[in-house]
Amino acid sequence: MSTNPKTARPETLLPSAPVPAGTLQRLHRRLEAAAAEAGVLDVAYTVLDTPVGPLLLAATERGLVRVAYAREDHEEVLAELAGRLGSRVLHAPDRLEPAAEQLREYFAGTRTRFDLPLDRSLSHGFRRRVQEHLPGIGYGSTQSYGEVARSVGSPRAVRAVGSACATNPLPVVVPCHRVLRSDGGLGGYIGGPAAKSALLELEAAA
């Protein structure tokens, strides 16, 4: 006689014992590896704890595509990535380990530049041109929005430079925190003023 699931006692629908955490982790790694091998993984992501709060790291096969502060809402960022880059999004920390390790070194003060493949497909036009210029601002150095505008060949586009920095999809790695107002003020920052100050202080101390 078969059991009707609508009338079955709750305990009959549950496993007899909890699955060990290690087993779940191994299963997840197998899923991650199989998805990558089969080419069915559009975006891999992980979350890294840092001195400026948890950072979401996301990558495509081309490279690191997104770094997001908690204030941006990681769930919303993942939903946006799924909509723009493909719906096959998987928590895959192993794939992000090179980026995570370089960020750990940066926050420890032992790394002054990042050496990672970047996927810049989320940026276009003038914003992308500005963002590609930013890594040229040396560690521990700063430029004003006006200086950046002149450097990219559009000296009147100061506000557009501010917009390009504000929409930088790869903060910290692409250092928009090194761009300040002409009077030395912080200006805006996607991670908030406290995070911007912390990054500048970290670089100044090193």
Side-chain angles (χ1 to χ4, degrees), residues 42-60 63-87 89-93 95-109 111 113-114 116 118-124 126-128 130-135 137 139-140 142-145 148 158-181 183-206:
D42 294 316
V43 180
Y45 76 91
T46 192
V47 177
L48 178 69
D49 288 328
T50 78
V52 291
L55 293 177
L56 172 75
L57 311 180
T60 65
L64 189 68
V65 72
R66 192 71 166 86
V67 176
Y69 284 93
R71 74 198 305 254
E72 298 178 72
D73 190 328
H74 291 169
E75 292 297 326
E76 287 189 9
V77 171
L78 289 172
E80 180 186 3
L81 291 174
R84 297 183 65 176
L85 301 176
S87 60
V89 178
L90 179 68
H91 180 244
R95 188 159 167 181
L96 274 301
E97 184 54 30
E101 181 59 25
Q102 290 196 25
L103 280 161
R104 291 188 197 101
E105 293 169 354
Y106 170 80
F107 284 110
R111 174 172 289 276
R113 61 179 300 167
F114 293 94
L116 295 166
L118 302 180
D119 180 347
R120 296 183 181 272
S121 59
L122 296 178
S123 299
H124 305 279
F126 182 77
R127 289 181 178 181
R128 178 163 175 167
V130 169
Q131 291 160 13
E132 289 176 339
H133 166 80
L134 297 178
I137 305 174
Y139 183 93
T142 61
Q143 287 185 0
S144 70
Y145 293 103
V148 173
V158 176
R159 289 190 178 182
V161 167
S163 178
C165 291
T167 57
N168 174 19
L170 292 163
V172 186
V173 174
V174 173
C176 55
H177 61 275
R178 296 176 191 160
V179 184
L180 306 177
R181 295 190 324 211
D183 62 1
L186 286 179
Y189 185 59
I190 195 168
K196 188 168 187 176
S197 292
L199 297 177
L200 292 171
E201 289 171 7
L202 167 69
E203 295 184 7

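Below, all heavy atoms of this structure are taken into account, side chains as well, without hydrogens, waters or symmetry copies.
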Just do the side chain to side chain contact (heavy atoms under 4.5 Å, CB included) check on Tyr145 and Cys165 with the steps written out, would you? CA-CA 9 Å; Tyr145 293 103; Cys165 291; 4.3 Å; yes
Pair Thr50-Tyr69, side chain to side chain contact (heavy atoms under 4.5 Å, CB included): steps then yes or no: CA-CA 10 Å; Thr50 78; Tyr69 284 93; over 6 Å; no
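Here the CG atom belonging to Asn168 is positioned 8.5 Å from the CZ atom belonging to Arg66, to the nearest 0.5 angstrom. The CG atom of Leu57 sits 12.0 Å away from atom OH of Tyr45, with the distance rounded to the nearest 0.5 Å. Expressed to the nearest 0.5 Å, how far CG of Leu134 lies from CG of Leu170 amounts to 10.5 Å. Note: Leu96 CG to Leu55 CG = 11.5 Å, rounded to the nearest 0.5 Å. Taken from OG1 in Thr46 to CZ in Arg95, the straight-line distance is 12.5 Å, to the nearest 0.5 Å. For the atom pair SG of Cys176 and CD of Gln131, the computed distance is 8.0 Å after rounding to the nearest 0.5 Å.
Within a 6.0 Å sphere centred on CZ of Arg104, heavy atoms belonging to other residues, nucleotides or ligands number more than 12.
Of all the heavy atoms in Leu81 and Ala58, the pair that sits closest is CD1-CB, 3.7 Å. Across all non-hydrogen atoms, the minimal contact from Leu122 to Arg84 is O-NH2, 3.5 Å. Taking both residues in full, the closest heavy atoms of Leu48 and Ala100 are given as CD2-O, 3.9 Å, listed atom of the first, atom of the second, then distance. Nearest heavy-atom pair across Asp119 and Ser121 is OD1-OG, 2.8 Å. Residues Leu200 and Arg178 come closest through the heavy atom pair CD2-CA, 4.3 Å.
Side-chain N or O atoms of Arg71 include one that pairs as donor or acceptor with a backbone N or O of Ile190 at under 3.5 Å. In this structure a side-chain-to-backbone donor-acceptor pair under 3.5 Å is missing from His177 to Pro171.
Ser163 places a side-chain heavy atom less than 4.5 Å from the side chain of Arg127. Inter-residue side-chain proximity for Gln102 and Val173 is flagged as unmet; no heavy-atom pair is nearer than 4.5 Å. No side-chain heavy atom of Val174 sits under 4.5 Å from any side-chain heavy atom of Phe114. Within the 4.5 Å cutoff, no side-chain heavy atoms of Leu180 are placed close to those of Ser144.
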Which atom pairs, donor and acceptor, lie under 3.5 Å between side-chain atoms of residues 191-199 and protein residues at least two apart or in another chain?
unit_1: Lys196; atom_1: NZ; unit_2: Val179; atom_2: O; d: 2.8
unit_1: Lys196; atom_1: NZ; unit_2: Leu186; atom_2: O; d: 2.4
unit_1: Lys196; atom_1: NZ; unit_2: Gly188; atom_2: O; d: 3.2
unit_1: Ser197; atom_1: OG; unit_2: Pro193; atom_2: O; d: 3.2

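Using modelled atom types and a 3.5 Å distance limit, the side chains of Tyr106 and Tyr139 yield no donor-acceptor pair.
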